[in-house]
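All residue numbers in this chain count up from 1 along the given sequence.
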Amino acid sequence: MRALVFDVFGTVVDWRGGVAREAARLLGPDVDAAAFADAWRARYVPSMQRVRSGERPWVVLDALHRESLPAALAEVGVDGVPDDVADELVLAWHRLDPWPDVVAGLTRLRRSYLLAPLSNGGVRLSVDLARRGGLPWDAVLGAEVAGHYKPDPEVYDSAPRLLDLPPSAVCMVAAHGDDLTAARARGLRTAYVHRPGEFGGLRTPPATDPDADLSVGSLEELATALGC
């Protein structure tokens, strides 16, 4: 193994806490900010599926978030917001904080491996998260680079191709079993990270992925398991 590529939303950063924090700031105390974050996230996969199916042309995730925002707001009783507030809400996804173990874990892993996000977020979003959270990536990969959204195979194929490595030398790290299943189908190795707080206790992810090469509870534990 020579490189590790990472899912970002939920695996590396706390999307729910970050979106709720920004929603509380921008929408005020009368809005259930956590419920809004959940409502917006519920539209994440369906919005990408419209691109994956060919129903609509490729656009970056920021555009999909902007399109799904009115319905998410309506679900929590907000009829609409000014354009400048809507734009700031979309940027909430650029202002998410890493989980507490992430920076130390990535720093250790980077001593031995190439590191890159393999996210459905766009390049600028990934860069903004890295600058905000101090994420020590060697490159930015993912959906915008590949022109496809996960779990399209082109996204997973792009990582070994762009890093000039065989697929078996690249490990996909994610907190979501479907992401890892799709990566394994393209010949990548996989590591599952248990993030019990990703959904705020509304549902509990499985503790392990029995099909993954490794199952860990943090990126620091992953670094230890890989001898870093």
Side-chain angles (χ1 to χ4, degrees), residues 1-18 96-121 125-143 145-146 150-151 155-201 203-228:
M1 218 159 52
R2 300 277 305 282
L4 304 171
V5 295
F6 293 78
D7 171 66
V8 172
F9 300 128
T11 303
V12 173
V13 299
D14 174 11
W15 62 264
R16 190 176 191 266
L96 309 176
D97 294 326
W99 298 109
D101 59 280
V102 163
V103 173
L106 290 178
T107 300
R108 289 172 59 191
L109 289 163
R110 192 168 181 264
R111 296 171 190 159
S112 301
Y113 300 97
L114 297 172
L115 305 182
L118 195 70
S119 173
N120 280 325
L125 187 155
S126 292
V127 169
D128 286 347
L129 291 179
R131 289 175 64 85
R132 176 183 177 86
L135 307 176
W137 304 130
D138 293 299
V140 172
L141 306 177
V145 176
K150 295 186 296 182
V155 184
Y156 305 99
D157 292 346
S158 71
R161 174 171 55 83
L162 293 170
L163 295 175
D164 194 23
L165 293 169
S168 60
V170 179
C171 181
M172 180 79 209
V173 183
H176 312 116
D178 54 351
D179 203 354
L180 298 180
T181 297
R184 282 192 293 272
R186 307 309 298 172
L188 276 64
R189 299 172 71 178
T190 57
Y192 176 76
V193 184
H194 182 45
R195 294 296 188 198
E198 178 180 0
F199 302 100
R203 58 188 174 97
T204 303
T208 64
D209 179 350
D211 295 320
D213 294 282
L214 290 167
S215 289
V216 296
S218 69
L219 295 194
E220 291 225 64
E221 186 179 332
L222 178 62
T224 298
L226 294 177
C228 299

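Crowding of R2 atom CZ: a count of heavy atoms from other residues, nucleotides or ligands under 6.0 Å not exceeding 12.
Going from atom CG of L180 over to atom CZ of R189 covers 13.5 Å, rounded to the nearest 0.5 Å. In this structure, SG in C228 is found 7.5 Å from CG in L4, a value given to the nearest 0.5 Å. Between the OG1 atom in T204 and the NE2 atom in H194 there is a gap of 7.5 Å [rounded to 0.5 Å]. Between atom CZ of residue R131 and atom OG of residue S126 there is a gap of 13.5 Å, rounded to the nearest 0.5 Å. Here the straight-line distance linking atom CG of L118 with atom CG of D179 works out to 7.5 Å at 0.5 Å rounding. Note that the CG atom of L115 and the CG atom of L141 stand 11.0 Å from one another [nearest 0.5 Å].
Here the side chains of L226 and S112 are not in contact, with every heavy-atom distance at 4.5 Å or above. Side-chain contact check for L188 versus V170: some heavy-atom pair is nearer than 4.5 Å.
Residue pairs meeting the side chain to side chain donor-acceptor pair (under 3.5 Å) criterion with at least one partner in residues 157-174, sequence neighbours excluded, are D157-R186.
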Distance-only donor-acceptor hits, side chain of residues 205-214, under 3.5 Å, sequence neighbours excluded:
{"residue": "D209", "atom": "OD1", "partner": "D211", "partner atom": "N", "Å": "2.9"}
{"residue": "D213", "atom": "OD2", "partner": "T190", "partner atom": "N", "Å": "2.8"}

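Remark: the backbone N or O of K150 is paired with a side-chain donor or acceptor of N120 at under 3.5 angstrom. With hydrogens and angles ignored, the 3.5 Å screen pairs no side-chain donor or acceptor of W15 with any backbone N or O of F199. Although no hydrogens or angles enter the test, the distance criterion places no donor-acceptor pair under 3.5 Å between the side chain of S215 and the main chain of Y192. Side-chain atoms of R195 come within 3.5 Å of backbone atoms of T11 as a donor-acceptor pair (strictly under, hydrogens ignored).
Nearest approach of G133 to V103, heavy atoms of both residues: O-CG2, 3.1 Å. Nearest heavy-atom pair, V5 versus A159, reported as atom, atom and distance to 0.1 Å: CG1-CB, 4.1 Å. When all heavy atoms of G121 and F9 are compared, the closest pair comes out as N-CE1, 4.1 Å. Closest approach of A182 to P151, counting heavy atoms only: CB-CB, 3.7 Å. Minimum interatomic distance between L219 and V173 (heavy atoms only, all atoms of both residues): CD2-CG1, 4.2 Å. Scanning both residues, V8 and P117, for their nearest heavy atoms gives CG2-CB, 3.7 Å.
Using a 30° and 60° split on the angle between ring planes, F6 and W137 fall in the tilted class, from 30° to 60°.
One finds no salt bridge joining D101 and R108 here, because no Lys/Arg side-chain nitrogen approaches an Asp/Glu carboxylate oxygen to under 4.0 Å.
Scanning for salt bridge (charged side-chain N to carboxylate O under 4.0 Å, His left out) contacts around R110 gives D138, with sequence neighbours left out.
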